[in-house]
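Contents: one structure, followed by commentary.
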Amino acid sequence: MKETIIELLGQALDSLKADGTIPSDASPQIKVDPTKDKTHGDYASNLAMMLSKAAGMKPRDLAEKLIAALPASEAVSKVEIAGPGFLNFFADTGAVADIVRRVFSEGEQFGHSEFGRGEKVQVEFVSANPTGPLHVGHGRGAAVGDVLCRLLSATGHDVTREFYYNDAGAQIDNLALSTQARTKGLGPDDASWPENGYRGDYISELAASYMAGDTVEADGKQVTGAADTDDLDAIRVFAVAYLRHEQDLDLKAFGVEFDVYFLESSLYSEGKVEETVKRLVDNGYTYEDDGALWLRTTDFGDDKDRVMRKRDGGYTYFLPDVAYHFDKWQRGFTQVINEQGADHHSTVTRVRAGLQALKADIPKGWPDYVLHQMVTVMRSGKEVKLSKRAGSYVTLRDLIEEVGRDATRYFLAARRADSQLTFDIDLARSQSNDNPVYYIQYAHARVHSVLRKADREDKSFDETLAMAQLTLLTSDQEKAVMNRMAQFPDVVSHAARVREPQQVAQYLQDLSSDFHTCYNAVKVMVEDNATRNARLALGLATAQVIRNGLALLGVSAPEEM
RNA sequence: GCGCCUAUAGCUCAACCGGAUAGAGCAACGGCCUUCUAAGCCGUAGGUUGCAGGUUCGAGUCCUGCUGGGCGUACCA
């Protein structure tokens, strides 16, 4: 429908150019949007206002000329000029109902598009270091990143999901020492407990597993606990594998999968770090000072230069970060999106600066970042800060166990990433109209409930009949649902383009609301065969769109609740 | 101090890369279950979009300044 109107306006534009009303070099992007207010018709365009200056005419006068030049179309029943110069299009009932036919024929593919065809995109998300269970913040990253991946896949991109973790640095040494202390029966309150050691109970479990000689599998490798309290290397390797395995279980419970787990240590073992250093030095952006090797990131917009190699000879985290992203670039990703917590935002300028200094023709704004703000968890109106197991934070697993996967995913993905999120456990658990997840799922279940009733009464859905009778869907409520369904493909491609998963959630709430209104106003199971089947078709199409939308969020669409 | 993010109804949040009268839910009040699931619907009330300027036909949206909040500002990650 929208495409039809754009097409019609394009033709009108051409004929006005031909007769000299509009300069022939004017080539505005024709914008047609669904209206918010139905007295404004179904679609509106601001074209006359956009062109008024170029044409040297008042918008309303130009609008009249546009309408006069508009080819006739069966899809449009009326066009009006309104307000400062909007063109309001009223869609013909049959044209509106075409959307039902389209949803039926496209099924699961409805809403998908091809605009990203051929684009190789990588999304790096979660990237938690293996020093503990995943917490709520990681959960937000997992939800946002996962939905982004689904959106990009749905819009035709070739998506790689990647998880990067540090398996070697100082934090891992700390982990190994903490585990070792536990194997010796020490606790955080003992005098010889390592400074800044990890204090959570999970370290005890890990130590016990190591001492029991358990075998854990992570990233395709099996590691068996050596049960030797003095072998720090064995403890380190086991601890990393054990916690990576734990995180895998967290992710699995959340329904998130990755294609690639990238180890920071591989950057060293494969010489990528050295190669990066050499390149930066050769390019002349480095200098030695105070025993350390610095990179002149200020040449690329950073506010101070950064240390690459410390006085003690070790590298700062910054350098492997640059090496890692260089590796991403070399793997051919034209787009890379890094989803991470906003508390790491200071790395953005730095990594981009480092990449520019490589002189490898990497675009200035590459890679892209989606940063999510802090999550606080509330229960009974009070902030929840502690998990018994992890000590200082709320784990993702706790949350999933308590409120369920669907609600957890929905709540973490339904807000803009760049605003702080309050996760209200009571709300997420409530099985009531307070809870948007159930509100949407309920709309889906209701359709299937009607369908079951139709089957029970020997009035099963007849698709052929229904498709021939769609013009019977004439009520305001039915039209509202159809107009809303027609927006879905735009919502998906826009959400993918601007990297905003919450737009899908918002849309589903709107569609569900339209459906519930319709459900209460228009009875489906009427005697008249044609009407009943047309309405069943509308319900089924709605359910399909809800299912497609929920699939993008990774949330289930139950047929019964 | 500097950098990034943010400020919308009492509360939690939307608003389709500038569009018409800024929308939902919760909380408040009033209605709707002998009819397809009331996890629902309908209605009432609630706003100077933090403040002040600017850009333009038009600004919650873009720009500048100010104020409040979050995060960051390591030879930690």
Side-chain angles (χ1 to χ4, degrees), chain A residues 31 33-37 39-40 44-46 49-50 52-53 58-59 82-86 88 127 129 131 165-166 169-171 174 196 264 289-294 302-304 306-312 314-318 320-321 341-349 371-374 414-422 424 427 430-439 441-443 445-454 456-457 487 490-491 493-495 497-498 500 502-503 505-507 509-510 512-513 515-521 523-526 535-536 539 560-561:
Chain A
K31 254 187 84 179
D33 291 311
T35 54
K36 289 176 195 158
D37 181 344
T39 62
H40 297 142
S45 176
N46 60 356
M49 291 181 289
M50 304 262 296
S52 104
K53 192 170 269 181
K58 287 180 189 163
F86 285 100
N88 290 341
S127 291
N129 283 338
T131 52
Y165 68 92
N166 174 334
Q171 295 307 318
N174 189 8
N196 300 320
E264 185 184 7
D289 186 41
D290 202 14
L293 183 65
W294 295 68
D302 202 356
D303 49 10
K304 57 180 283 197
R306 305 291 166 177
V307 171
M308 292 164 54
R309 191 168 56 219
K310 295 182 272 187
R311 206 181 318 168
D312 67 12
Y315 293 108
T316 59
Y317 69 91
F318 157 64
D321 261 11
D343 53 341
H344 286 190
H345 75 250
S346 59
T347 62
V348 176
T349 310
L371 304 176
H372 64 259
Q373 298 288 329
M374 302 284 101
R415 301 261 175 278
R416 292 174 58 94
D418 52 16
S419 63
Q420 292 159 49
L421 171 67
T422 303
D424 183 337
L427 177 61
S430 75
Q431 305 209 334
S432 73
N433 49 357
D434 311 9
N435 193 329
V437 191
Y438 291 118
Y439 183 83
Q441 290 180 325
Y442 183 46
R446 268 184 150 177
V447 174
H448 285 274
S449 172
V450 179
L451 213 61
R452 284 190 295 272
K453 183 180 168 69
R456 271 199 307 278
E457 296 178 2
Q487 293 172 21
D490 283 345
V491 169
S493 47
H494 187 259
R497 232 182 277 272
V498 298
E500 291 189 2
Q502 90 281 357
Q503 299 211 2
Q506 185 68 30
Y507 170 82
Q509 279 189 70
D510 292 341
S512 300
S513 169
F515 173 77
H516 285 307
T517 297
C518 188
Y519 180 91
N520 277 274
K523 191 168 160 65
V524 177
M525 291 305 294
V526 291
R535 290 177 182 169
L536 279 169
E560 214 170 339
M561 291 177 73

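Any value given below was found using the heavy atoms of this structure, including those in side chains, with hydrogens, waters and symmetry copies removed.
Relative to the side chain of A:W294, the nucleotides B:C75, B:G70, B:C71 differ in distance, and B:C75 lies closest. Of the listed nucleotides (B:A20, B:G40, B:C16), B:C16 has the atom at the smallest distance from the side chain of A:Q503. Relative to the side chain of A:D290, the nucleotides B:C75, B:A20, B:G40 differ in distance, and B:C75 lies closest. When distances are taken from the side chain of A:T517 to each of B:C13, B:C5, B:C42, the shortest belongs to B:C42.
Taking side-chain N and O atoms only, A:K310 has a distance below 4.0 Å to OP1 or OP2 of B:C76. Side-chain N/O atoms of A:Y507 include none lying less than 4.0 angstrom from OP1 or OP2 on B:A24. The shortest distance between the side-chain N/O atoms of A:R446 and the OP1/OP2 oxygens of B:A39 is not below 4.0 Å. Note on A:Q373: every side-chain N or O is 4.0 Å or more away from OP1 and OP2 of B:C4.
Two residues, A:K453 and A:N166, neighbour RNA chain B, and the one matched to the more 5' nucleotide by heavy-atom proximity is A:K453.
Among the protein residues, A:D33 comes within range of no part of the nucleic acid, since none of its heavy atoms lies under 4.0 Å from any strand. Within 4.0 Å (heavy atoms only), A:F318 reaches no atom of the nucleic acid at all. Note on A:H345: a base of the nucleic acid sits closer than 4.0 angstrom, heavy atoms only. Contacts of A:A443 with the nucleic acid, taken as non-hydrogen atoms under 4.0 Å apart, are absent. At the heavy-atom level, A:R452 lies under 4.0 Å from base atoms of the strands shown. If you check every strand for non-hydrogen atoms under 4.0 Å, A:A521 touches nothing. Within 4.0 Å of A:A414, counting heavy atoms only, lies no atom of the nucleic acid at all.
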Secondary structure string for RNA chain B (Watson-Crick or G-U under 3.5 angstrom, | for other-strand pairs): (((((((..((((.....[...)))).(((((.......))))).....(((((..]....))))))))))))....
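Taking atom C1' on both B:U64 and B:A45, the two are 38 Å apart, rounded to the nearest angstrom. Here the separation of B:C5 from B:A9, taken at their P atoms, is 22 Å to the nearest Å. Using C1' as the reference atom, B:G68 and B:A77 are 31 Å apart when rounded to the nearest Å. Here, B:A15 and B:A24 have their C1' atoms 10 Å apart, quoted to the whole Å. Here, B:U8 and B:A52 have their P atoms 16 Å apart, quoted to the whole Å. Rounded to the nearest Å, the gap between the C1' atom of B:C17 and that of B:G1 is 34 Å. Only the C1' atoms considered, B:C33 is 14 Å distant from B:C42, to the nearest whole Å.
When side chains are defined from C-beta on, A:D510 does not count as touching A:Q487, because their heavy atoms never get closer than 4.5 Å. Side-chain contact check for A:T35 versus A:F86: every heavy-atom pair is 4.5 Å or farther apart.
Using a 4.0 Å cut-off between charged nitrogen and carboxylate oxygen, A:D418 and A:R415 do not count as a salt-bridge pair.
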Enumerate all atom pairs, one protein N or O and one N or O from nucleotides 54-63 of chain B, separated by less than 3.5 Å.
{"from": "B:C57", "atom 1": "OP1", "to": "A:K53", "atom 2": "NZ", "distance (Å)": "2.9"}

